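Since we're looking at a predicted model, the values are computed, not measured. The residues of the chain are indexed from 1 along the displayed sequence.
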Amino acid sequence: MVGIQNSSNSIPTVADLEFPGGPIPLNSKFYIDRSGAETHACAEISKPGGLICMKAPRKTGKSSLMLRIIQGATACGYRTVTVDFQQADEEIFASLDKFLRWLCVNVTRQLKLEPNLDDCWDETLGSKVSCSIYFENYLLEQIDCPVVLILNEVNRVFERSDIAKEFLPLLRYWHEQSRQNETWEKLRIAVIHSTEMYLPLNISQSPFNVGVPIKLLDFTAEQVQDFARRHGLDWSDRTLAQKLMKMVGGHPYLVHLALYHLAISAQNCLTSEGNGAARTADLEQLLKAAPTQSGIYREYLRKHSIVFQEQPELASAFQKVIDAENSVRLEPLVAYQLDSMGLVKLEGNNCRVSCELYRLYFQRQNLFGDRPSSFGIQELQQENQRLQALVNVDELTQIGNRRHFDSCLRAEWKHMFRNRSPISLILCDIDYFKIYNDSYGHQIGDDCLRLVAQTISRTLERPADVAARYGGEEFAVILPETDASGALIVAEKIRANVKALNIVFQPNIVECLPNSAVTISLGIACVVPSPQNDEATLVLAADEALYDSKRHGRDRITLSTLLNFRWAAVN
């Protein structure tokens with residue numbers, strides 16, 4: 001039985017508790033630095049040419065640590081760039097040249113510079129040399145401070161062996177150049193991935209042999225006790241932590257979810273009793289239901305079930321693991337996949353089940369027999385469709401994400417091409433958002449992003465119009481069958497509606513702000529798709545129009561014409 005602490009000052013309210021899901025906020029008391037991983041990572045990034053490599057299964061804290069690396073780098077006055085390969089379309093991996101160009105443009109945009117690939121790219125020299133020249137002679141030369149390049153979800157690159165065997169040695173080369181070149185000293189790299197790289201690569205070419213490994217270990221019993229205390233639970237009896245860990249191990253997300261529900265239960269007991277006396281929450285009941293369809297882990301476990309339904313070879317291999325009394329040897333690629341899912345622990349060439357939760361759940365679900373699982377193929381398919389929908393939603397703002405934007409733009413471009421109809425694109429950027437974030441804090445900054453995003457979305461009146469978070473504080477609006485005049489009307493409504501939110505913004509470090517409230521700048525591009533242009537042309541034109549708005553005072557709209565690239569400012 002689980003009690004809550006007697007000190008009322010140490011008991012968090014229901015509003016104080018954080019439901020585990022995304023990265024743990026920077027100011028959260030629920031973040032635990034395991035084995036000094038944060039200190040270790042930030043120390044390495046502070047070194048000239050620093051390179052760190054972080055591998056861990058999903059939902060074990062990589063994103064939370066990544067936020068703290070960014071915070072540490074920003075505090076040191078560094079510029080940070082995050083490239084998430086989950087955002088890359090399949091087309092990006094069609095060739096090394098296209099992949100490296102995408103990387104360069106992505107980094108350039110985040111550094112708020114104008115893309116200048118044509119001056120650095122030379123087909124005779126090849127893509128890798130051209131990319132290095134672009135970084136050294138263009139990007140790093142223009143930045144007078146260290147640049148931290150965070151490469152997230154690099155496992156997507158691992159899946160394309162032809163790209164990986166060229167790109168990974170390139171990272172190694174950049175790191176080695178920092179030992180002899182002052183310009184390259186500015187570049188610090190963090191490589192983050194959830195799966196093992198299983199690719200034949202010369203030891204002298206791999207960045208993983210020279211990068212400092214950052215390990216995210218499971219919680220220890222002492223850390224679980226500390227985590228319980230932060231949730232207002234009295235777990236001075238060590239056996240409580242041991243019972244939970246017997247079921248879920250020290251998996252950060254699984255532990256966090258259990259403590260969250262126990263804390264909620266404890267708060268409900270206090271509320272119902274009304275006198276503040278400590279009541280107990282039933283840990284035994286939670287653990288009994290944990291590996292079932294009514295347990296708190298059901299959604300998390302169903303995602304793994306869907307993977308097993310789609311990949312029977314993984315299911316068969318995992319069946320061997322959960323049936324074995326000791327660790328078993330599996331084919332390396334399969335073992336690495338199960339490890340990346342967090343279902344097994346690797347022990348040399350063998351692997352064993354990570355915790356009893358997985359063993360009990362999948363034994364009961366009978367996913368590996370001849371019959372379907374207890375909740376059926378149809379429900380699995382419905383669940384898979386729901387999860388696919390979530391993949392296209394930005395978690396913070398609850399509008400479309402970059403993946404959704406890219407997919408919709410491709411589809412609408414093809415549709416407009418067939419119909420010979422115009423398509424317009426609006427790119428929006430919150431003015432001085434970095435200063436706003438630094439002035440009021442990241443939590444208030446997130447609130448600002450949500451308000452602006454929802455306002456943009458609500459301004460759109462047609463079902464076919466698409467609003468998405470393009471990246472950071474930038475948003476994009478796709479307007480099919482809309483000419484320039486129509487796009488200007490929509491853009492002005494968006495600009496006025498955001499300004500009407502009257503989000504207070506009065507920093508002392510910026511003089512002559514155009515307003516005392518948050519505003520946005522907008523860039524518009526419009527074209528009728530034809531064989532002479534493509535989606536990238538439309539995005540580039542809107543992007544240049546947006547930066548023209550920012551150069552000329554912000555809180556305004558600039559319209560681009562793709563035919564002559566002459567800008568007309570619209571106040």
Side-chain angles (χ1 to χ4, degrees), residues 55-60 155 159 194-198 216-221 224 239 241-255 257-258 283-381 383-384 387:
K55 173 195 172 282
R58 300 186 186 282
K59 288 190 174 293
T60 53
N155 35 281
E159 296 166 5
S194 57
T195 61
E196 191 76 26
M197 185 195 68
Y198 193 67
L216 289 175
L217 304 178
D218 285 349
F219 285 154
T220 64
V224 172
T239 60
Q242 291 172 340
K243 286 182 178 180
L244 177 59
M245 294 182 71
K246 183 178 179 181
M247 177 62 71
V248 302
H251 192 292
Y253 171 75
L254 301 181
V255 169
L257 189 61
L283 176 62
E284 296 292 341
Q285 183 177 354
L286 183 148
L287 295 177
K288 183 178 180 180
T292 71
Q293 291 300 329
S294 62
I296 61 172
Y297 302 118
R298 57 188 177 277
E299 295 296 329
Y300 172 79
L301 293 167
R302 282 182 183 180
K303 294 178 184 179
H304 291 313
S305 298
I306 292 171
V307 174
F308 284 138
Q309 289 289 334
E310 296 175 344
Q311 301 185 52
E313 71 282 1
L314 282 184
S316 176
F318 193 56
Q319 176 72 59
K320 296 177 182 177
V321 176
I322 64 174
D323 286 345
E325 295 183 5
N326 301 310
S327 61
V328 296
R329 177 172 295 191
L330 300 176
E331 194 274 323
L333 280 176
V334 173
Y336 290 145
Q337 284 181 282
L338 293 173
D339 177 47
S340 70
M341 295 169 68
L343 297 175
V344 302
K345 297 287 187 184
L346 298 179
E347 297 178 341
N349 294 324
N350 291 6
C351 54
R352 60 176 175 82
V353 67
S354 294
C355 60
E356 281 300 297
L357 176 68
Y358 301 135
R359 186 191 302 277
L360 295 173
Y361 178 82
F362 289 111
Q363 282 178 338
R364 294 176 182 181
Q365 293 308 306
N366 190 29
L367 290 176
F368 318 109
D370 296 329
R371 295 180 292 108
S373 66
S374 60
F375 53 94
I377 297 296
Q378 184 177 1
E379 186 171 342
L380 274 174
Q381 292 173 339
E383 180 73 9
N384 192 29
L387 292 173

To the nearest 0.5 Å, what is the distance between [atom1] on [X] and [atom2] on [Y]?
X	Y	atom1	atom2	result
E310	S305	CD	OG	11.0 Å
L287	K243	CG	NZ	8.5 Å
I296	L286	CD1	CG	4.0 Å
H304	M341	NE2	CE	5.0 Å
L330	Q337	CG	CD	11.0 Å
Y297	L357	OH	CG	6.5 Å

Restricting to non-hydrogen atoms, name the atom on [X] and the atom on [Y] that form the minimum distance, rounded to 0.1 Å.
X	Y	value
G249	C355	N-CB, 3.8 Å
A289	S294	CB-OG, 4.2 Å
A290	L301	O-CD1, 4.1 Å
R359	V321	NH1-O, 4.1 Å
A317	L338	CB-CD1, 4.3 Å
D323	Q363	OD1-NE2, 4.3 Å

Mind checking whether [X] and [Y] have side chains closer than 4.5 Å, heavy atoms only?
X	Y	value
E299	L257	no
I306	K303	no
T60	H251	yes
M245	V248	no
M247	L360	yes

For [Y], does its backbone N or O pair with a side-chain atom of [X] as donor and acceptor, under 3.5 Å?
X	Y	result
S316	E313	no
Q311	L314	no
S354	V344	yes

Under the criterion side chain to side chain contact (heavy atoms under 4.5 Å, CB included), which of L216, N155, D339 is the partner of K55?
D339
Tell me whether the centres of the aromatic rings in F308 and F362 are closer together than 6.0 Å.
yes
Run the numbers on Y361 and Q293 for side chain to side chain contact (heavy atoms under 4.5 Å, CB included), then give the verdict.
CA-CA 9 Å; Y361 178 82; Q293 291 300 329; 3.1 Å; yes
Any chance you could lay out the side chain to side chain contact (heavy atoms under 4.5 Å, CB included) test for F318 and V353, step after step, and finish with the verdict?
CA-CA 8 Å; F318 193 56; V353 67; 4.0 Å; yes
Are D218 and K345 close enough, and set up right, to give a side chain to side chain contact (heavy atoms under 4.5 Å, CB included), and what steps lead you there?
CA-CA 11 Å; D218 285 349; K345 297 287 187 184; 2.9 Å; yes
